[in-house]
Amino acid sequence: MAGYNTDASGDMNVIDISNLKKSYFLGDMEVPILHGIDLCIKKGEFVAIMGPSGSGKSTLMNMIGCLDRPTGGKVLLMGKDTNCISDNELAELRGFEIGFVFQNFNLIPRLSAYENVMLPTYSNSKKGVDTAQRGRDLLKLVGLDDRMGHKPTELSGGQRQRVAIARSLVNDPSLILADEPTGNLDSKTGEEVMEIFSDLHKKGRTIVMITHDPEMAQYVDRVVYIKDGYIENN
Ligand SMILES: Nc1ncnc2c1ncn2[C@@H]1O[C@H](COP(=O)(O)OP(=O)(O)O)[C@@H](O)[C@H]1O
Ligand SMILES: [Mg+2]
């Protein structure tokens with residue numbers, strides 16, 4: 001596809017990060033967190049990012065998902081330099097191409113499971129798509145067809161995370177970013193959630209997942225280790 005960066009084998013890089021730096025500023029003091037990260041992730045890969053707490057995993061994920069801006073370096077998403085595109089393009093990229101899943105689910109308490117899943121379609125939705133049907137199908141996919149009207153407080157942790165996964169898929173993104181999606185779940189429920197990601201991967205989605213659970217490595221193609229803001233292997 002035009003616009004994509006490719007390597008020698010011709011595979012597409014969905015994510016292409018070079019010399020990415022991020023500092024936070026406490027008053028006048030610069031606190032460097034990411035020290036020049038290089039990372040390529042190809043279309044269809046399932047990659048886990050692992051590393052100790054505080055090593056910069058979520059900071060990196062926020063840069064990939066354009067939720068925050070880098071201090072230096074480049075993030076190319078689907079071949080587009082996220083620093084150079086307009087706010088509109090950025091909103092489109094985030095709305096259509098990326099699905100987010102967070103550790104604490106980030107559901108809206110007042111809304112039902114179905115309404116939570118539909119939320120991203122209210123601001124952005126692809127023309128000609130029956131989003132209402134899609135929302136129902138996705139809740140079915142994650143095994144919650146009999147819980148569509150339940151509020152988050154009426155669901156277990158695992159069910160809430162499955163609602164969040166359904167929501168992340170409603171605009172049919174090619175890339176799923178998940179920050180410790182099993183971090184608040186017991187191990188059995190965590191495995192169920194991983195099975196869902198594994199199925200999505202088999203269907204061709206590119207998935208980047210932060211985890212600190214070594215057990216999760218069995219599901220992925222590749223593990224990237226990050227420590228003190230550096231990538232340890234790549
Ligand atoms: N908004 C922020 N302002 C200042 N420091 C931050 C902010 N977010 C994260 N940090 C710091 O950056 C470091 C990395 O955080 P984070 O990326 O959340 O780590 P991880 O996800 O690997 O546990 C930590 O030391 C954290 O305190
Ligand atoms: Mg984190």
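Atoms within a ligand are numbered from 1 in the order they appear, just like the ligands themselves. For this chain, numbers begin at 1 and follow the sequence in order.
- One N or O on the side chain of D186 and one on the backbone of K188 form a donor-acceptor pair closer than 3.5 Å.
- Considering backbone and side-chain N/O atoms, L26 never comes within less than 3.5 Å of an N/O atom of ligand 1.
- Interface atoms of ligand 1 facing I33, defined by a heavy-atom separation under 4.0 Å, are 11 (C), 12 (O), 13 (C), 14 (C).
- Judged by distance alone, the side chain of Q161 and the main-chain N or O of G190 form no donor-acceptor pair under 3.5 Å.
- Under 2.8 Å from the Mg ion (ligand 2) lies no N/O/S atom of T59, from backbone or side chain alike.
- Proximity of G51 to ligand 1 is not established, as no heavy-atom distance is less than 4.0 Å.
- Judged by distance alone, with hydrogens and angles left aside, the side-chain atoms of S156 form a donor-acceptor pair with the main-chain N or O of Q159 at under 3.5 Å.
- Formation of a donor-acceptor pair under 3.5 Å by the D38 side chain with backbone atoms of N19 is found in this model.
- For ligand 1, the atoms sitting less than 4.0 Å from at least one non-hydrogen atom of P52 are 22 (O), numbered in the order shown with element in parentheses.
- Residue contacts with ligand 1: G56 is placed with a nitrogen or oxygen under 3.5 Å of a nitrogen or oxygen of the ligand (distance criterion only).
- If you check which protein heavy atom lies closest to atom 18 (O) of ligand 1, you get S58 CB, 3.7 Å.
- D172 has a carboxylate O that lies under 4.0 Å from a charged side-chain N of R134, or vice versa, which qualifies the two as a salt bridge.
- Protein non-hydrogen atoms do reach within 4.0 Å of atom 13 (C) of ligand 1.
- Within the 3.5 Å criterion, the main-chain N or O of P52 finds a donor-acceptor partner in the side chain of K57.
- Distance check for atom 5 (N) of ligand 1: a protein heavy atom is found below 4.0 Å.
- Remark: the backbone N or O of P173 is paired with a side-chain donor or acceptor of R205 at under 3.5 angstrom.
- For atom 17 (O) of ligand 1, the nearest protein heavy atom (residue, atom name, distance) is T59 OG1, 2.6 Å.
- For atom 9 (C) of ligand 1, the closest non-hydrogen atom of the protein is Y24 CE1, 3.4 Å.
- For atom 25 (O) of ligand 1, the closest non-hydrogen atom of the protein is G54 O, 4.1 Å.
- Aromatic ring pairs are classed by plane angle as parallel below 30°, tilted from 30° to 60° and perpendicular above 60°; the pair Y230 and H35 is parallel.
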